[in-house]
Q: 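To start, I am sharing the structure in question, which I have written as structure tokens.
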Number of protein chains: 2
Amino acid sequence: MPGSAVVAAETVGRVSLYRVLLSGLQQAGIKGVFSHQLSTSAGVSAAQVRRDIITLGYSGSPQHGYDVAELIESIDNFLDAPDGQNVALVGVGNLGRAVASYFAGRRPKLRLVALFDIDPEKSGRVICGVRCYPQEKITEVVRSERVSIVILGVPAPAAQAVADACVAGGARGILNFAPVALRVPPGVYVENLDMARSLEKVAYFARKAGG
Amino acid sequence: MPGSAVVAAETVGRVSLYRVLLSGLQQAGIKGVFSHQLSTSAGVSAAQVRRDIITLGYSGSPQHGYDVAELIESIDNFLDAPDGQNVALVGVGNLGRAVASYFAGRRPKLRLVALFDIDPEKSGRVICGVRCYPQEKITEVVRSERVSIVILGVPAPAAQAVADACVAGGARGILNFAPVALRVPPGVYVENLDMARSLEKVAYFARKAGG
DNA sequence: GCTATGCTGTGAGCGCGTTCACAGTGTGTG
DNA sequence: CACACACTGTGAACGCGCTCACAGCATAGC
Ligand SMILES: NC(=O)c1ccc[n+]([C@@H]2O[C@H](COP(=O)([O-])OP(=O)(O)OC[C@H]3O[C@@H](n4cnc5c(N)ncnc54)[C@H](O)[C@@H]3O)[C@@H](O)[C@H]2O)c1
Ligand SMILES: NC(=O)c1ccc[n+]([C@@H]2O[C@H](COP(=O)([O-])OP(=O)(O)OC[C@H]3O[C@@H](n4cnc5c(N)ncnc54)[C@H](O)[C@@H]3O)[C@@H](O)[C@H]2O)c1
């Protein structure tokens, strides 16, 4: 059963991008696609695309390439949980609000069900259609709402304590915007998304490339 | 001359994180640090930390480890341009505003000097202390303001055209938030920061790890 | 003074994601 | 009917970042 094997994180990321690109093709009325076409749109090699698609358990034909609708369905089966997953966001600051407004209601399989903040101005209110709870309720609400994914938009010094509270409530995945390495028990996946770090990478290579 | 060799992107990212951690140590009054201490804070191996520091051209001593102040200075020399670099942000939406408010004035070596938006409500105004120009002025202002780094916070369909305009004005590095692969000429560095992709990675591994 | 300790710096080796290159296959063409 | 062609699927090889393990060395303890 191909769908049950755990694959490399890079592959998952690329497959997610393929789905976005394929949705665009589908809306343009395009029925079939070849690996080299996805390859140029995604910025990876054609062999890479074919290997990734194999891991989905889907196969194309040498004559017609991949069927767009079928490939999207394979990706859906691969990426999405059948019943969806519940998401919470901690830290409704500048970044948190942007993320909340972006994700709220956009992805039916990833439901944003709770926000948390330490600021009493924010907790208690409904923001982007989602209720915001005080930070003390994290463990309780994460458990009661069956939240499996947490987005961390709090300042770096608070990140570890918040992560601990989320894990205690049963969260299994964390998207961490704070520039710190979180310590979590085995079985919890952490993805770090440090914008300052990325910007400094860009700055470095802009200098090295441009002279 | 060690400072002139171009090193791997991963190394640059880690070094950026080390600097953040070291600043924290310095503010706590700590003068010296060993590789294994940085290692646990950064979430990488101690050997990795030592290798990274070597590439900076800095050396510690087996007795006292690394001098925090000296190491920070080495990282500054490595990461920062002596005269700083000018940054522009295109697309002052939800995400763009969060980024602008975060970076405006925080990093003296990375000066946010211009914003751009297609919305006439935004262009012409001053946001977070930075002037916002209409989108048609991108190439002109990027050139006149000597912008080398551009942050792209526009919707995906607009990203390629905006990137082209930035490159035409002389930009050499792009931090791209849009979920598309940008095509740029050689010598221009693109770093993609796709939140939706990252979130789907978290969702996938939260499922696979948690059952 | 002599051994034990614990750190840095680094050559060597490993693992893994990626790429190469080609066999397999059906279709279009003369 | 035979050949050329284009694309998929994949074993094998590659490359590169990372880790391992240890030499070198100064200090601490006895
Ligand atoms: N905004 C950006 O562009 C940007 C860029 C780089 C890094 N980051 C990182 O992202 C994180 C958030 O950034 P931001 O700009 O949104 O910050 P912000 O200060 O605007 O928002 C932080 C929010 O977290 C809340 N908070 C603080 N402690 C909390 C706790 N213990 N429990 C719950 N909520 C708590 C605050 O009340 C606030 O609403 C930070 O770690 C920051 O370093 C942000
Ligand atoms: N906000 C998030 O959390 C989030 C998450 C994932 C991805 N993204 C991506 O980040 C980008 C921005 O997201 P957002 O939420 O800020 O969107 P947004 O719609 O809030 O902002 C987009 C801004 O870009 C401006 N714009 C549009 N076309 C332009 C052009 N040609 N030139 C200049 N400006 C133009 C718009 O006027 C608007 O101000 C998008 O590509 C989105 O896919 C955002």
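Because the structure is predicted, anything quoted here is derived from the model rather than measured. No hydrogens, no waters, no symmetry mates; every other heavy atom, side chains included, goes into these values. Just so it is clear: chains get the letters A, B, ... in the order the sequence lines come, proteins before strands, and each one is counted from 1.
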Q: Walk along DNA chain C from 5' to 3' and tell me the first and last nucleotide with an atom closer than 4.0 Å to a non-hydrogen atom of chain A.
A: C:dG17 to C:dT27

Q: Who pairs with B:E191 by salt bridge (Lys or Arg N to Asp or Glu O under 4.0 Å), at least two apart in sequence or on another chain?
A: A:K201

Q: Tell me, please, which residues at least two apart from B:A156 pass side-chain contact (heavy atoms from CB on, under 4.5 Å).
A: B:A178, B:P179, B:V180

Q: Identify, with sequence neighbours excluded, every residue that meets ring-ring contact (aromatic ring centres under 6.0 Å, His included) alongside A:Y133.
A: A:F116

Q: Below 4.0 Å from chain A heavy atoms, what is the first contacting nucleotide of DNA chain D and what is the last?
A: D:dC7 to D:dA12

Q: Report the residues that fulfil salt bridge (Lys or Arg N to Asp or Glu O under 4.0 Å) with B:D194, sequence neighbours left out, ordered by chain and then residue number.
A: none

Q: So A:F205 and B:Y189, would you call those rings parallel, tilted or perpendicular, with 30° and 60° as cut-offs?
A: parallel

Q: Which residues satisfy the ring-ring contact (aromatic ring centres under 6.0 Å, His included) test with A:F103, sequence neighbours excluded?
A: none

Q: 5'-most contact on DNA chain C: B:Q63 or A:P62, nearest heavy atom basis?
A: B:Q63

Q: Please identify each residue that fulfils salt bridge (Lys or Arg N to Asp or Glu O under 4.0 Å) with B:D52, with sequence neighbours left out.
A: B:R14

Q: With A:R19, which residues qualify under side chain to side chain donor-acceptor pair (under 3.5 Å), at least two apart?
A: A:D76, A:D80, B:E200

Q: So what does A:H36 hit on the nucleic acid, given a heavy-atom distance under 4.0 Å: a base, only sugar-phosphate, or nothing?
A: sugar-phosphate

Q: Using salt bridge (Lys or Arg N to Asp or Glu O under 4.0 Å) as the criterion, list what pairs up with A:D67, not counting sequence neighbours.
A: none

Q: Identify, residue by residue, the members of residues 40-49 of chain B with a heavy atom below 4.0 Å from DNA chain D, and return them in order of residue number, or none.
A: B:S45, B:Q48

Q: Nearest heavy atom decides the nucleotide; on that basis, is A:H64 or A:R51 closer to the 5' end of DNA chain C?
A: A:R51

Q: Would you indicate what A:T11 reaches in the nucleic acid, counting non-hydrogen atoms under 4.0 angstrom: base, sugar-phosphate, or nothing?
A: nothing

Q: Could you give all pairs that pass the side-chain hydrogen bond (donor to acceptor under 3.5 Å, both in side chains) test and reach residues 21-42 of chain B, with sequence neighbours left out?
A: B:S35-B:R50

